[in-house]
Structures are given as C-alpha cells and as structure tokens.
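This report refers to the structure that appears directly beneath it.
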2 protein chains.
Amino acid sequence: MKLELTKLMDPGSRLTEQRALIYKIISDGGQHLDADEIYSRARQKSARISLATVYRTLQKFKQMGIIDELHFGQEHHHYETRQEGEHYHLVCRSCGKVIEFTYPLSSKIKKDVMEARDFKIVGAEVNMTGYCRRCRK
Amino acid sequence: MKLELTKLMDPGSRLTEQRALIYKIISDGGQHLDADEIYSRARQKSARISLATVYRTLQKFKQMGIIDELHFGQEHHHYETRQEGEHYHLVCRSCGKVIEFTYPLSSKIKKDVMEARDFKIVGAEVNMTGYCRRCRK
DNA sequence: ATTGATAATGCGAATCATTTGCATTAATAA
DNA sequence: TTATTAATGCAAATGATTCGCATTATCAAT
Ligand SMILES: [Mn+2]
Ligand SMILES: [Mn+2]
Ligand SMILES: [Zn+2]
Ligand SMILES: [Zn+2]
C-alpha cells in the first residue's frame, strides 16, 4: 500500500510512516471509522503518533480526494477510502450499524437537478436513517 | 404562532416565551439557520435568553419532530421547520448558498432499498455539493 | 385569583471534537 | 551526505455543545 500511496501523494508532500499507517487503517479496517478510532488503532501499531497528526492527515487525504468524509448527524465525522462508484448509507437509529447501498442516483438526478437549478454538482451524500432487521424484531 | 406551538407541545412540557421566539425565528427567518444565528436573532428580540436554552430547545423541537437538523459537512448543524413533502439540498462549495430541491426519491428508492436491504427507512437526508451559477461564472 | 409542584431558564463551568503554534524530527532531492 | 523544509508531537487554543445548580415562571389544581 505504500506503493499505491506514493503515486497519490501531491508533489511537494511527503510520504511518512504515519500517513501510510493511517491510510492502511482506513482501507483495511472496518468501514466508516472516526478520527478517534483511527487514532487508537494507530497507537496500537505505532506508539509515536499524535491525534493532531491524525486530523491533519485526514484533512490532507480528503483534499487529495483519496478519502471521503461522511456526516451521519453526529458531532464528529467518519471516513472511508474513496470508492469507484458512488454509494450511499443507511444508518440504524437503534444500533448505529451502517449499511452501504448503491443506486443509480447520480446519473439521472444530477442531470435533472443541474439543468433545473443551474447548479454544477460535484459531490453527493445520501444518508438514510431507520431500523435494521435485527433491531426491528 | 403561539397557538400552533401549543398543540405541538408534548404533554408535561411547557410553552415558554423563549420556545415561542425560537420557533418563530426558525420558521420566519431565512432558511437553514445554525444555533449561533438563532441565538443572536433571539437576543435582538429578547435580551433574556441564553445559548444553552437555544440548544436545549433545538433538541426538544427536533425530538418532537417539528424541526429537522441538517448536516452540511460543517462543524455545526443547521435547522429548519419540518416541511410537508421531503426536500433536499444543494450547497455551493464556493459561497455556501443553499438551494432546495424536491425529487421523487423517497417513494421509489426507499421502497427498493427497504426491500433489498431489509431496512426500515424513516428519514432521508440528501446533500449535494457543487457550484451555483453565480460562482461558476 | 392563589398556590404549589416542578419544568425550564440563565449562567458559568465542563466536555468533546478539532485546530494551531512552535520547537524538533525526518523525507527527499541535490 | 547534506541541506531544505514538510511533517510531527505536544500542549495550549478554539469552537460547538452539554451540564450542574440555584432561580424563575408555567400550568394544573385549588
Ligand atoms: Mn461507505
Ligand atoms: Mn431546506
Ligand atoms: Zn440496528
Ligand atoms: Zn455559490
């Protein structure tokens, strides 16, 4: 994965141990981690990393477009590596479980909305909340 | 508007000046206000209100279902009175302007997703980001 | 109208998430 | 190998939201 990242790094920015580790944690680890979870997982691997570095790295990855920030209506955010096709999320109001789903939203809705509102869409976040099967019964 | 609220109040909870004022500000005022904006508008009307009360009231209204909380990827949230039909939002990455749009998402997508993932959907938030006409040219 | 129980408020302190300043460390190009 | 300077760690700062508690005021029952 170090190799993958190398290519992704912006010119002028450096590939550090911490960045490689954080990237690995986000891509390998269970999906949709938050900064604190990434931090504690990183600590288990490398004692020498700070929460500030986690936040700084998340910002950088986000602006580089290799991760996406998710807003599930909580006071903190979650992160995931950028996927090929867009996908959206279902969040269980009871247990917090996150389920991913794809839907051909993008293509049509974007086109319609862009035309109707004269707005150039570059990103979409769709979050639905409700109750998963387990929590329902 | 005091009359409207009366009916909406939960049994046991009280209709105070502060609550009526906050409700009025959210419904009258320009859309999608955040807690701080609501607070400062409230201060102009009534010197005697605290930010804590604004937050507590927002929580209460939210759980009562008379307002909705929006998550535009910022560190704080925005609020609007609950509308009849669902509607979604376009947020300009350049000027921050919020444009509303409706789309027959709900019906079909919900049905499909509920069936395919066995998930009972009770709420949906759709936020798209991009650039408004003004900012584009 | 008066009163009593207690929900809600104001205020300041506390908490949580994220950012920032700065001295130190380390990646990388020459 | 070395010099440049991006990135890090740490602690302090900031911003958003919540909490504790004494005080106030709503509202149901006199
Ligand atoms: Mn996902
Ligand atoms: Mn709206
Ligand atoms: Zn669940
Ligand atoms: Zn704009």
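Below, read A as the first sequence line, B as the second, and so on, with proteins coming before strands; counting in each chain starts at 1. When reading the values below, keep in mind they use all heavy atoms of this one structure, side chains included, and skip hydrogens, waters and symmetry mates.
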What residues, two or more places apart in sequence or in another chain, satisfy side chain to side chain donor-acceptor pair (under 3.5 Å) together with B:Gln59? none

Residue whose nearest DNA chain D nucleotide is more 5′ - A:Leu51 or B:His76: A:Leu51

Protein-nucleotide distance (B:Leu33, atom CG; D:dA16, atom P), rounded to Å: 15 Å

Could you check how far CD of A:Gln59 sits from P of D:dT8, rounded to whole Å? 13 Å

Compare side-chain N and O positions of B:Gln18 against OP1 and OP2 of D:dA25 and report whether any pair is under 4.0 Å apart. no

Side chains of residues 119-131 of chain B: which donor-acceptor pairs under 3.5 Å do they make with residues two or more places apart or in other chains?
residue  : atom : partner  : partner atom : Å
B:Glu125 : OE1  : B:His71  : ND1          : 2.8
B:Glu125 : OE2  : B:His71  : N            : 2.6
B:Glu125 : OE2  : B:Asn127 : ND2          : 3.1
B:Asn127 : ND2  : B:His71  : O            : 3.1
B:Thr129 : OG1  : B:Arg93  : NE           : 3.1
B:Thr129 : OG1  : B:Arg93  : NH2          : 3.0

Between B:His89 and B:His87, what is the ring plane arrangement, given parallel below 30°, perpendicular above 60°, and tilted in between? perpendicular

Step through the shown structure and confirm whether more than 12 heavy atoms of other residues, nucleotides or ligands are within 6.0 Å of CZ on A:Arg136. yes

Test item: B:Lys60 and B:Arg56 side chains (from C-beta on) under 4.5 Å apart, heavy atoms: no

Quick check: is A:Leu15 connected to A:Ile66 through a chain of hydrophobic side chains (ILVMFWY, heavy atoms under 4.5 Å apart)? yes

Could you check whether any side-chain heavy atom of A:Val54 comes within less than 4.5 Å of a side-chain heavy atom of A:Asp36, counting everything from C-beta outward? no

Can you tell me how far C1' of C:dA8 sits from CD of B:Gln63, to the nearest Å? 14 Å

Could you tell me whether the phosphate oxygens of C:dT18, OP1 or OP2, come under 4.0 Å of any side-chain nitrogen or oxygen in A:Tyr55? yes

Give every pair of a protein N or O atom and an N or O atom of nucleotides 11-14 of chain D that lie under 3.5 Å apart, one pair per line with the distance.
none

Give a yes or no on whether a salt bridge exists between B:Glu86 and B:Lys110, defined as a side-chain N under 4.0 angstrom from a carboxylate O. yes

Quick one: bend of the helix from C:dA1-D:dT30 to C:dA30-D:dT1 from 5 pairs per end, to 10°? 40°

Heteroatom pairs (N/O) under 3.5 angstrom, protein to nucleotides 28-30 of chain C:
residue : atom : partner : partner atom : Å
C:dT28  : OP1  : A:Leu15 : N            : 3.1

Mind calculating the distance between CG (B:Asp10) and P (D:dA28) to the nearest angstrom? 14 Å

Given D:dA7, D:dA16, C:dT18, identify the nucleotide with an atom nearest to the side chain of A:Arg19. D:dA7

Residues from residues 39-48 of chain A sitting under 4.0 Å of DNA chain C, heavy atoms only? none

B:Tyr79 versus B:Asp34, side-chain donor and acceptor atoms under 3.5 Å: no

Measure the acute angle between the ring planes of A:Phe101 and A:Tyr103, then classify it against the limits of 30° and 60° as parallel, tilted or perpendicular. perpendicular

Are A:Tyr39 and A:Glu37 close enough that a side-chain donor and a side-chain acceptor fall under 3.5 Å? no

Remember a base hit wins even if backbone is also touched, and classify B:Ile49 as base, sugar-phosphate or nothing at under 4.0 Å, heavy atoms. sugar-phosphate

Determine whether A:Arg117 and B:Glu100 satisfy the following criterion, salt bridge (Lys or Arg N to Asp or Glu O under 4.0 Å), listing intermediate values before the conclusion. CA-CA 9 Å; A:Arg117 322 305 301 243; B:Glu100 307 190 319; over 6 Å; no

Protein-nucleotide distance (A:Asp34, atom CG; C:dC16, atom C1'), rounded to Å: 12 Å

Proximal nucleotide (of C:dA8, C:dT19, D:dG20) relative to the B:Arg56 side chain: D:dG20

Rounded to whole Å, please give me the gap between CD in B:Glu69 and C1' in D:dT17. 11 Å

Kindly say if B:Thr53 contacts the phosphate of C:dG10, meaning a side-chain N or O under 4.0 Å from OP1 or OP2. yes

For the pair made of NE2 in A:His77 and C1' in C:dA17, what is the distance, rounded to whole Å? 9 Å

Is there a side-chain contact between A:Cys95 and A:Cys132, using heavy atoms and a 4.5 Å cut-off? yes

Can you see whether B:Tyr23 engages B:Arg19 through a side-chain donor-acceptor pair at a distance of less than 3.5 angstrom? no

Give the rounded distance in Å between these two atoms: CG of B:Asp36 and C1' of D:dT18. 15 Å

If each of B:Ser50 and B:Glu75 is mapped to the nucleotide of DNA chain C with the nearest heavy atom, which maps nearer the 5' terminus, i.e. the 5' end? B:Ser50

If I take atom OG1 from residue B:Thr81 and atom CD from residue B:Glu84, how far apart are they, to the nearest 0.5 angstrom? 10.0 Å

